[in-house]
There are 2 protein chains.
Amino acid sequence: MKKITIGEAARRSGVKVPTVRYYESIGLLAAPSRSEGNQRSFEPADISRLTFIRHARELGFEIEAIRTLLTLQDDPHQSCASADAIAKARLVEVEQRIRSLMALKAELETMVEGCGHGRVDQCRVIEVLADHGQCTRPHH
Amino acid sequence: MKKITIGEAARRSGVKVPTVRYYESIGLLAAPSRSEGNQRSFEPADISRLTFIRHARELGFEIEAIRTLLTLQDDPHQSCASADAIAKARLVEVEQRIRSLMALKAELETMVEGCGHGRVDQCRVIEVLADHGQCTRPHH
DNA sequence: CCTACATCCTCTAGCGACTAGAGGTGCAAG
DNA sequence: CTTGCACCTCTAGTCGCTAGAGGATGTAGG
């Protein structure tokens with residue numbers, strides 16, 4: 001068994017070194033064994049776990065959701081309903097966020113298009129911000 | 001001149017009371033005059049400013065960007081180019097965020113659809129998270 | 001005038017998920 | 001043996017608020 005250093009683990013999993021330590025500190029990752037010189041020595045399973053976490057984070061799952069997903073993964077005989085529910089909830093969140101960002105985009109476009117590149121007193125950007133009634137779509 | 005209390009200002013601007021104080025503390029809003037009993041007394045101009053801030057925050061502008069936008073608004077003879085640049089930068093950010101969320105949505109949908117509602121060892125949700133190679137689209 | 005109650009005040013600490021930096025140790029190559 | 005990088009722990013900072021403690025003020029009713 002060759003020792004995997006934290007730097008190596010970071011490179012393989014795509015999680016940054018301080019973040020690996022952070023995950024250990026909050027108990028998301030079990031504390032690995034140490035070398036004689038007190039340096040962390042990871043197992044291949046830790047790399048998988050870190051990769052799992054990174055991927056879930058990229059998908060926008062919160063740490064607490066990931067914690068739940070990881071305990072599910074650790075016990076493969078459990079029902080998959082919780083995992084499903086977590087993913088579905090995240091999907092709803094993402095859909096809502098997209099809708100809200102689309103409305104935002106429309107408003108920003110109006111602002112930017114309306115900018116005559118002159119002085120501030122004729123600037124549509126400032127104007128729209130100052131007076132919400134100017135928004136073409138009432139979205140918030 | 002009738003005195004506008006912080007509660008009244010919050011109600012009129014849609015910014016919460018502690019947030020109004022927070023904005024004052026970071027210098028986004030000038031410190032208002034005080035009543036005999038040391039209570040804040042706002043002017044109508046403060047309400048406009050708070051509304052401006054709230055609107056800009058809803059559009060996702062960062063506090064520092066809003067600070068710049070506000071100084072622009074305070075001096076209407078300046079060129080509108082900075083305001084324009086800030087808005088455009090925000091637009092680009094929003095567009096990128098939308099694209100990334102769309103990719104995410106697609107991946108979450110695959111996960112949720114693939115869930116057979118059985119046990120974890122057959123669960124696509126867990127599986128996809130564990131092994132990124134399973135992603136249909138390589139987006140990150 | 002007194003009391004009840006809402007609203008106000010300041011101050012500190014906490015949230016999530018890291019990130020940065022100080023100050024020190026381990027280890028491998030030349 | 002020294003150079004220099006990677007590692008260690010610990011604390012504090014980031015952003016934009018939010019929560020709570022502990023106390024003062026303002027207002028309406030009796």
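So you know, we letter chains A, B, ... as the sequences are listed, proteins then strands, and number each from 1. Every heavy atom of this structure was used, including side-chain atoms; hydrogens, water molecules and symmetry mates were not.
Whole-Å rounding puts the A:Ile66 CD1 to C:dC18 C1' distance at 13 Å. Note: OH (A:Tyr22) to C1' (C:dG21) measures 18 Å, nearest angstrom. Rounded to a whole Å, the CD1 atom of A:Ile63 is 9 Å from the C1' atom of C:dC18. Following rounding to the nearest Å, A:Asn38 (CG) and D:dC10 (P) show an atom-to-atom distance of 10 Å. Spacing between atom CD1 of A:Ile26 and atom P of C:dC18 amounts to 8 Å, rounded to whole angstrom units. B:Leu28 places its CG atom 11 Å from the C1' atom of D:dG16, with the value rounded to the nearest Å. Following rounding to the nearest Å, B:Arg54 (CZ) and D:dG16 (C1') show an atom-to-atom distance of 16 Å. In this structure, CD of B:Glu64 is placed 11 Å from P of D:dT14, rounded to the nearest angstrom.
Salt-bridge formation is detected for the pair B:Glu8/B:Arg11: a Lys NZ or Arg NE/NH1/NH2 atom is positioned less than 4.0 Å from an Asp or Glu carboxylate oxygen. Using a 4.0 Å cut-off between charged nitrogen and carboxylate oxygen, B:Arg12 and B:Asp46 do not count as a salt-bridge pair. Taking a cutoff of 4.0 Å between a charged side-chain nitrogen and a carboxylate oxygen, A:Glu24 and A:Arg21 do not qualify as a salt bridge. With salt bridges taken as basic N to acidic carboxylate O contacts below 4.0 Å, one links B:Glu58 and B:Arg54.
The phosphate of D:dT9 has OP1 or OP2 within less than 4.0 Å of a side-chain N or O from A:Arg34. Taking 4.0 angstrom as the limit, A:Arg40 places a side-chain polar atom (N or O) nearer than this to OP1 or OP2 of D:dC8. Contact check, B:Lys16 against D:dC17: no side-chain N or O comes under 4.0 Å of OP1 or OP2. Within the structure, a side-chain polar atom (N or O) of B:Ser35 is placed less than 4.0 Å from OP1 or OP2 of D:dG26. The side chain of A:Arg21 places an N or O atom within less than 4.0 Å of a non-bridging phosphate oxygen (OP1 or OP2) of D:dC8. Applying the 4.0 Å criterion to OP1 and OP2 of C:dC18, one finds that A:Tyr23 has a side-chain N or O inside that range. For D:dA6, neither phosphate oxygen OP1 nor OP2 lies less than 4.0 angstrom from any side-chain nitrogen or oxygen of A:Thr5.
Positionally, the nearest nucleotide of DNA chain C for A:Pro18 lies more toward the 5' end than for the other of A:Gln39 and A:Pro18. Projected onto DNA chain D by closest heavy-atom contact, B:Ile53 and B:Glu36 fall at different nucleotides, the more 5' of which corresponds to B:Ile53.
Hydrophobic clustering of Ile, Leu, Val, Met, Phe, Trp and Tyr side chains at less than 4.5 Å, counting indirect connections, keeps A:Met102 apart from B:Val92.
Distances from the side chain of A:Lys3 to the nucleotides D:dC17, C:dC8, C:dA28 place C:dA28 closest.
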